[in-house]
Number of protein chains: 2
Amino acid sequence: MPADEKPTASVWTRPRPRQREHLTREQIVAEAIRLLDAEGVEELSMRKLGTRLGTAATSLYRHVASKDELIELVVDDVYGEPDVPTAVDGTRWRAAVTRTATELRAMTLRHPWIAPELGQVGLVHIGPNAMRMSSALLAQFEAAGFPADEMDQAMGTLMAYVIGIATAEAAYLSLIARSGKTEQEWVAGLRPAFDEATREHPRLRAGSSAQQDVHPQRIRDDNFAYGLDRVLDGLTARLTP
Amino acid sequence: MPADEKPTASVWTRPRPRQREHLTREQIVAEAIRLLDAEGVEELSMRKLGTRLGTAATSLYRHVASKDELIELVVDDVYGEPDVPTAVDGTRWRAAVTRTATELRAMTLRHPWIAPELGQVGLVHIGPNAMRMSSALLAQFEAAGFPADEMDQAMGTLMAYVIGIATAEAAYLSLIARSGKTEQEWVAGLRPAFDEATREHPRLRAGSSAQQDVHPQRIRDDNFAYGLDRVLDGLTARLTP
DNA sequence: ACATCATGCGTACAGTGTTCGCATCGAAAG
DNA sequence: CTTTCGATGCGAACACTGTACGCATGATGT
């Protein structure tokens, strides 16, 4: 053995010369989204995320200031998914807004863990993707002919509806995902408890028992479309008095 | 010293004979709400709650199965706050629904930490107070004349709007509360960053800068009322074709 | 007087986000 | 080619968290 070999760290104990590319913020965000989609929000820990990326947990803090900031980045990244139609002519504004709302709902259902953060997007979180989306949506209301002092309120109304229904759906889907069953199985399994709980409130039972054999996903789609149409009806009435 | 005194625990070290009333689930829930209102959701820990009640943290588990269950109880307790008009005649249904929606929003703004849980109320959390509220609200839609197969959808639309806007407002108010400033101070302080962020999206700046001198709380009230009127317009249109 | 049972609580465990200081690297500078 | 230096990875540690377990103690029923 030559003497130039250090005694404290042999070739075998010493870790391999780093072949990994440097960790980047983009990799961390992308892997966090994958983990969140797969296991839900309460399974996201810095250590687990680090393991998935083949690094130590504390290494992440070189690229991200805190877990809260990571979540901010993750949320804005997801906001980059829907493509919002930009150029609109005034006649087709309703179709354009319907499409945007539908995309936003789909985005939330793909990533149900985002729902509780949704309300914060706007003044609290002002990431570039969220801003781009808001700006494009506002342009649709402008093209529709809303006066300048009403555009914001009209868009806010639409967004409140979308956030509200998507939040409710996402919470419901997250729960089902944790149970490991399909949506139909879960609904069927809950029915006895639901009937018991609604014994004193028969009104609440009427609507749901009528649709007992309809596919639950179909019901949710219909409900979303119904409410969206009502909201847009109410907004349209302001344009043509 | 008489020999009947135990050496391990003298009269002085031994805790006083318990004079406290027994802990009850109601006390725990009430104190949890007080703590949540005062310090926010991430400051609620079982140990802190126990200290406030003058007991050890683990004692709470005799009355509550887990922290999650405690939160379920807390949420339903808050749902008991708004009083929803029960008897309605068909002509005043709009006033009744407006009142209910306003009460629900006020409830959320009193307890902003409840917002992320709001979406779960319905199928996920089925506490007695939440059921009572839902049933009463549904009765208002029934009295309005909605057909049986549309009542649920109509109420869902209204609830989605209320949940959405209340969630957004609550997130915003929670953030301000944590900053320690008043709403007006906070808005003024954020303006430079907001202008910077909206440099590439001038549309987003137009609406907010027009109202720069209006009291922000007034703006929020107006926005809520505007959207609520639009939603109710859209729903009303289904009744009188 | 004794047995039974619900309740309070000290201890402990696995897990969290985050800080700190040290080791190691790639690239720039002499 | 050598030396320096800032950026990066990471092991150890800290203050916390929710909660399971077992023991002590109180009130209650016989």
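Naming convention: chains lettered A, B, ... in sequence-line order (proteins, then strands); numbering from 1 in each chain. Computed from a prediction, not measured in an experiment: that's the story for all the values here.
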Flag, side chain of Ser66(B) to backbone of Glu69(B), donor-acceptor distance under 3.5 Å | yes

Between CD of Glu69(B) and C1' of dG18(D) the distance, given in whole Å, is 14 Å

Over how many whole Å does the gap from Leu53(B) atom CG to dG8(C) atom P extend?
-> 11 Å

With a 3.5 Å cut-off and just heavy-atom distances, do the side chain of Thr58(A) and the base of dG11(D) make a donor-acceptor pair?
-> yes

Could you tell me which residues satisfy side chain to side chain donor-acceptor pair (under 3.5 Å) with Lys48(B), sequence neighbours excluded, listed by chain and number?
-> Glu39(B), Glu43(B)

Does one side chain, of Gln27(A) or His63(A), offer a donor that lies under 3.5 Å from an acceptor on the other?
-> no

Send over the distance from Lys67(A) NZ to dC16(D) P, rounded to a whole Å.
-> 18 Å

Is there a donor-acceptor pair closer than 3.5 Å between any side-chain N or O of Tyr61(A) and the backbone N or O of Lys67(A)?
-> no

Listed in order of residue number, which residues of residues 59-66 of chain B have a non-hydrogen atom at under 4.0 Å from DNA chain D?
-> Tyr61(B), Arg62(B), Ser66(B)

Just by distance, do the side chain of Gln120(A) and the backbone of Glu117(A) share a donor-acceptor pair under 3.5 Å?
-> no

Decide side-chain contact (heavy atoms from CB on, under 4.5 Å) for Leu60(A) and Leu53(A); before the verdict, give the C-alpha distance in whole Å, the side-chain angles of both, and the deciding distance to 0.1 Å.
-> CA-CA 10 Å; Leu60(A) 304 175; Leu53(A) 287 161; 3.9 Å; yes

Got a sec? Which of residues 37-49 of chain B come in under 4.0 Å of DNA chain D, heavy atoms?
-> Leu44(B), Ser45(B), Met46(B), Arg47(B)

Between Leu70(A) (CG) and dT16(C) (C1'), how many Å, whole number?
-> 15 Å

Are the side chain of Asp77(B) and the backbone N or O of Ala30(B) linked by a donor-acceptor pair below 3.5 Å?
-> no

Kindly assign one of parallel, tilted or perpendicular to the pair Tyr172(B) and Trp186(B), based on the angle between their ring planes and the thresholds 30° and 60°.
-> perpendicular

